[in-house]
Structures are given as structure tokens and as C-alpha cells.
J.: 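Got a structure for you, questions after.
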Amino acid sequence: MPKFDSAGLVTAVAVDHQTGALLMLAHMDAEAIARTRETGFAHFHSRSRGRLWMKGESSGHVLKVIEIRVDCDQDALELRVEPAGPACHTMAPTCFFRRMTPEGTLERI
């Protein structure tokens, strides 16, 4: 198992299995990992809602998990996934759709 932080969480990134695109970042607890392994679909721990949630539970934009990778320190996970629609709640394909300019402002890419 990964090494959880003091809140019982581990950082997880979802990456498109085919393209390698970074889709989103979230957190998982032991229950989220167990549900992900059971169902084959990404589950996370919502810090704002304080509960387990399945990505796409309301939008239908689920993430089918192909593989779970653990980093060298065992404190981060990479979920290799097949997305069913946009990964971001803004409907962008990825949550990382803006970049910081040299002036410190954000611009859409």
C-alpha cells in the first residue's frame, strides 16, 4: 500500500493511458483505492465534501482504470485511465488547461 499522509490521503494523478496527457489531480484514501480496485473505475476522497466519490458519478465522465502505478517514495499514485469524456468539471478535456504567463496571469491553452 502507499504511504498515506497524516490525513490518511495520498495524491493521485489521472493520466490518459493512450495519449499520456495529464488529466487531473485528486486524493485517495484506503477506501478510494479499494473501491477503484473493486470496480475498475476511479474513486477519490473529496476533501471539500469529506467523502468518497467516483469520478463521473453525476456527469457520466468516468475514468476506467487500466493500471495503478506507485512512485518511488510510495506517496503518490498515477492512475492510467481511459476517460469517457472530459476529465475536468469545466468540460475541458483536462484540468490543466491554463498556463501561467511570465507576468503571472493565467491564459487558456
J.: Test your reading of the model: is there a side-chain donor-acceptor pair from Asp71 to the backbone of Ala76, 3.5 Å cut-off?
T.: yes
J.: Just how far is it from atom CD of Glu38 to atom NE2 of His43, taken to the nearest 0.5 Å?
T.: 8.5 Å
J.: Kindly indicate, with the supporting measurements, whether the criterion side-chain contact (heavy atoms from CB on, under 4.5 Å) is fulfilled by His17 and Ile66.
T.: CA-CA 7 Å; His17 184 65; Ile66 305 303; 3.7 Å; yes
J.: Take Leu106 and Phe97 through the side-chain contact (heavy atoms from CB on, under 4.5 Å) test and state the conclusion after the steps.
T.: CA-CA 10 Å; Leu106 298 177; Phe97 60 91; over 6 Å; no
J.: Taking atom CG of Leu63 and atom CG of Leu23, what is their separation to the nearest 0.5 Å?
T.: 6.5 Å
J.: Just so I know, are the side chains of Leu77 and Val13 near enough to count as touching, which here means a heavy-atom distance under 4.5 Å?
T.: no
J.: With hydrophobic residues grouped by side-chain heavy-atom distances under 4.5 Å, do Leu25 and Val10 end up in a single group?
T.: no
J.: Within 45° of the ring axis of Trp53 and under 6.0 Å from its six-membered ring centre, is that where the NZ or CZ of Arg49 lies?
T.: yes
J.: Nearest 0.5 Å, please: how far is CG in Leu9 from CZ in Phe44?
T.: 12.5 Å
J.: To the closest 0.5 Å, what do you measure between CZ (Arg80) and CD1 (Ile68)?
T.: 13.0 Å
J.: Quick check: do Met91 and His61 have side-chain heavy atoms less than 4.5 Å from each other?
T.: yes
J.: Is Met28 reachable from Val70 through a run of I, L, V, M, F, W or Y residues, each pair having side-chain heavy atoms under 4.5 Å apart?
T.: yes
J.: Nearest 0.5 angstrom please: Thr101 OG1 to Arg98 CZ, how far?
T.: 12.5 Å
J.: Considering all heavy atoms of both residues, which atom of Ala92 and which atom of Pro86 are nearest to each other, and what is their separation?
T.: O-CB, 3.2 Å
J.: Which atom names give the shortest non-hydrogen contact between Val81 and Pro83, and what distance separates them?
T.: O-CD, 3.7 Å
J.: Looking at Glu57 and Lys55, is there a salt bridge between them, counting it only when a charged N and a carboxylate O are closer than 4.0 Å?
T.: no
J.: Would you sort out whether Leu52 and Arg35 count as a side-chain contact (heavy atoms from CB on, under 4.5 Å), showing the intermediate values?
T.: CA-CA 9 Å; Leu52 179 74; Arg35 292 288 293 149; 3.8 Å; yes
J.: Decide whether Met24 and Val15 are clustered together by the hydrophobic rule: side chain heavy atoms of Ile, Leu, Val, Met, Phe, Trp, Tyr closer than 4.5 Å, transitively.
T.: no
J.: Test your reading of the model: is there a side-chain donor-acceptor pair from Asp29 to the backbone of Glu31, 3.5 Å cut-off?
T.: yes
J.: Considering residues, nucleotides and ligands other than Gln18, do more than 12 of their heavy atoms fall under 6.0 Å from its CD?
T.: no
J.: Cys95 and Ala87: which non-hydrogen atoms are nearest, and at how many Å?
T.: SG-O, 4.3 Å
J.: On a heavy-atom basis, which atom in Val65 and which in Ala42 lie closest, and how many Å separate them?
T.: CG2-N, 3.6 Å
J.: Determine whether Val62 and Leu79 fall in the same hydrophobic cluster, where Ile, Leu, Val, Met, Phe, Trp and Tyr are linked whenever their side-chain heavy atoms lie under 4.5 Å apart.
T.: no
J.: If you round to the nearest 0.5 Å, how far is CG of Asp5 from NE2 of His27?
T.: 7.5 Å
